[in-house]
Participant: 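Sharing a structure, written as structure tokens. Questions coming.
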Amino acid sequence: MQILLIHSDYIEYETKRSTPVAEKIEDSLKKGRMEEAVAVFVAVERDDEGNIEYATCKAFEEIKKVAEQVKTNRIMLYPYAHLSSSLASPKAAVDTLKKLEGLLKEAEFEVKRAPFGWYKSFTIKCKGHPLSELSRTIRAGEKKCAAVVKEKEEVVSEALKSEAKATSYWYILTPRGELIKPDDFDFSGHGNLAKFVNYEIHKSRAVDKIPPHVELMRRLELSDYEPGSDQGNMRFYPRGRLMKSLLENYVLEEAARKGAMEVETPLMYDMNHPTLKKYLDRFPARQYSIEADKKQLFLRFAACFGQFLMNHDMTISYKNLPLKMVELTRYSFRKEQSGELVGLRRLRAFTMPDMHTLCKDMDEAIRQFNEQYNMCIDVLSDIGLDLSDYEVAIRFTRDFYEENKDFIVGLVKTVNKPVLIELWDQRFFYFVLKFEFNYIDAMDKASALSTVQIDVENAERYDIKYIDPTGEERRPLILHCSPSGAIERCMYALLEKAYMNSEKGIVPMFPVWLSPTQVRIIPVTQKHIEYAEKVAEGLDCRVDIDDREETVGKKIRDAGKEWVPYVVVVGDEEVNSGNITVTIRSESLPNKPANVKMTVQELNERASDEISGLPYRGLALAARLSARPRFM
RNA sequence: GCCGUCGUGGCUUAGCCUGGCAAAGCGGCUGAUUCGUAAUCAGCAGAUCGAGGGUUCAAAUCCCUCCGACGGCUCCA
């Protein structure tokens with residue numbers, strides 16, 4: 001916020017013409033005059049929008065200080081856009097001005113406020129003494145002022161009021177349908193669930209290690225922080241890009257298999273679009289905003305916007321339902337608080353498959369929910385995460401539960417292990433039912449992967465309708481589904497899992513279909529490279545050749561450090577026998593490689609079998625290791 | 001965003017407390033070695049000690065501000 005304070009003999013204004021953003025005012029406010037007053041010219045800036053309370057209170061303090069110094073009790077607030085080139089939205093500006101006016105009045109100042117959004121003429125007679133002209137820049141900053149603390153308490157108490165209404169009731173639901181309070185539940189044999197419940201309910205997250213996956217993502221040259229961007233925006237090296245691409249394609253193909261139509265929608269939207277504005281108001285200050293020409297734009301944080309706007313314009317018959325659309329958001333942007341960002345776990349720009357299903361009624365929504373619940377289990381399983389890696393949370397309103405008890409218990413039976421239940425007396429969010437699969441990492445932290453929600457609110461908000469058999473317009477229910485959750489987060493989970501495995505004495509690796517190199521061929525000396533090439537030609541997967549002038553021991557070690565699933569050493573023996581010796585990583589123990597003699601064809605069959613039915617791409621790097629640059 | 005800890009060649013770190021020529025390993029380059037399952041040998045290059053400011057004859061080292069990472073609070077995919 002920029003403010004300019006002028007101690008004046010008098011200030012007077014008169015409105016001339018309204019602009020499109022003008023506030024509505026009574027005629028009495030079209031002219032104003034104040035004698036012996038501090039005129040406060042104010043430009044509310046974009047930065048203030050994140051913390052209007054702070055900016056308002058800080059401005060209040062500054063004005064109060066100056067007014068006391070120049071010994072006046074009269075304040076004229078005057079909106080003055082020309083003090084800044086980075087203005088807040090008109091709505092935020094008016095809010096701020098009104099709040100500031102309120103604070104000043106509370107402090108017993110005599111306050112007048114010139115109307116916002118009008119062309120005005122004004123006359124001011126500046127006193128000209130040393131303190132009569134002052135300017136202040138207010139930035140969301142370090143110190144809290146007294147007024148902020150007071151204001152915060154009020155905000156908190158508001159939030160507490162709403163939270164009282166939305167009390168969460170926590171339970172554990174077993175596959176046998178028993179609903180048990182967490183305190184009464186015997187967690188033995190359910191260590192991860194205990195961690196998850198602890199994480200969710202008690203919010204106990206004390207940890208003193210650095211996250212293992214952060215080190216691994218760099219050591220494996222998958223991805224890294226990009227200091228040249230904003231925090232939480234990653235760079236992906238060729239290996240990481242390959243893995244990510246495979247995962248992306250996989251989820252899209254699975255969605256397509258379930259009948260979803262792939263679409264693409266814009267990354268940025270008009271902040272003042274009437275429909276979007278309402279939606280945005282539920283997620284204050286969470287998005288990146290940018291300015292283009294005169295428009296205030298925000299970057300999407302999911303694909304909902306684009307798809308719902310598309311749904312709004314579509315002509316949809318009941319015969320088209322359930323109607324599925326999917327988009328892989330590269331990227332979804334969420335301006336998370338900087339302290340929350342961690343490696344691939346929590347980002348500001350992330351890739352999320354986002355599928356929406358329009359359903360004609362609750363019965364269909366529930367059937368779809370069940371189908372997608374199962375799809376999510378299958379998707380995570382192919383990615384390399386099984387039911388022992390994540391915990392299930394199901395959250396719903398009491399009403400929904402009363403009407404669909406058997407269905408909920410059925411979901412628990414599907415996974416055949418106890419799940420965490422969160423139940424609300426009233427609907428507090430836009431959904432009545434949702435589940436997430438929460439991955440539990442090496443530091444006992446939980447992160448949501450797959451999720452499905454039954455949305456009962458946005459069809460109305462976006463005016464999405466379908467025509468029923470009688471020709472009537474009706475509102476569909478909308479399922480939100482992310483079959484895998486964020487792609488980066490899947491990579492994080494795989495890295496954390498590999499780390500935990502290595503702690504348990506299991507050799508860490510990725511699923512073969514995701515391994516950047518699937519087969520590494522190590523020629524014993526330079527003269528065996530030609531033979532290595534021949535072996536490579538017989539393999540239908542990502543094969544590379546370590547042609548560097550290093551010892552065999554070194555090359556073996558390096559292949560191990562890259563988690564290559566199959567390592568083939570070729571020397572005189574292989575050239576003579578025609579067979580190859582393969583080190584199979586998945587069957588190896590630490591310091592105990594599993595070496596198996598087989599033919600090239602046998603290895604090819606084995607590898608092809610493991611990756612069949614899953615997306616495939618060629619090597620991300622040169623086939624000869626000597627030609628590869630280092631990224632770290 | 002707030003609180004705490006940290007930031008030294010591309011990477012991992014020593015040096016910082018107690019100010020006095022910036023060290024090592026890995027990686028890179030050059031040469032020798034042509035090697036059989038977790039690191040072959042030798043040499044060379046490579047640093048604005050996160051950035052900016054201050055104190056001092058002298059700052060990687062002490063002080064301040066900012067940036068970034070990690071951890072906590074809060075939140076989520």
Participant: Under 4.0 Å, heavy atoms only, any strand: does A/R218 hit a base, just the sugar-phosphate, or nothing?
Facilitator: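 The answer is sugar-phosphate, as A/R218 gets under 4.0 Å only of primed atoms, P, OP1 or OP2.
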Participant: May I ask you to say what A/E549 touches in the nucleic acid, namely base, sugar-phosphate or nothing, with a heavy-atom cut-off under 4.0 Å?
Facilitator: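 Contact class for A/E549: base.
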Participant: Would you indicate, yes or no, if B/rC35 has its OP1 or OP2 atom less than 4.0 angstrom from a side-chain nitrogen or oxygen of A/T551?
Facilitator: no
Participant: Mind checking A/S447 for me? I need base, sugar-phosphate or nothing, with any heavy atom below 4.0 Å counting as a touch.
Facilitator: nothing
Participant: Regarding A/G343, tell me which of base, sugar-phosphate or nothing describes its non-hydrogen contacts under 4.0 Å with the strands shown.
Facilitator: sugar-phosphate
Participant: Is A/L341 touching bases, backbone alone, or none of the nucleic acid, heavy atoms closer than 4.0 Å?
Facilitator: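 Counting heavy atoms under 4.0 Å across all strands, the contact made by A/L341 is with sugar-phosphate only.
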Participant: Would you say the ring centers of A/H480 and A/F431 fall short of 6.0 Å from each other?
Facilitator: no
Participant: Once you apply a heavy-atom cut-off of 4.0 Å, does A/R489 come out as touching a base, just sugar-phosphate, or nothing?
Facilitator: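 Contact class for A/R489: base.
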Participant: Would you classify A/S338 as touching base, sugar-phosphate or nothing, given that sugar-phosphate means primed atoms plus P, OP1 and OP2, and contacts are heavy atoms under 4.0 Å?
Facilitator: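 Here A/S338 touches the bases of the nucleic acid.
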Participant: Once you apply a heavy-atom cut-off of 4.0 Å, does A/A303 come out as touching a base, just sugar-phosphate, or nothing?
Facilitator: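 The residue A/A303 makes no contact with any strand.
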Participant: Are A/Y331 and A/Y288 close enough that their ring centers fall under 6.0 Å?
Facilitator: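 Here the rings of A/Y288 and A/Y331 have centres that are no less than 6.0 Å from each other.
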Participant: Within the 4.0 Å heavy-atom criterion, would you say A/D572 contacts the bases, only the backbone, or no part of the nucleic acid?
Facilitator: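 Base contact.
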Participant: For A/E436, answer base if it contacts any base atom (sugar-phosphate contacts may also be present), sugar-phosphate if it contacts only those atoms, and nothing otherwise; contact means non-hydrogen atoms under 4.0 Å.
Facilitator: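 If one applies the 4.0 Å heavy-atom cut-off, A/E436 turns out to touch nothing in the nucleic acid.
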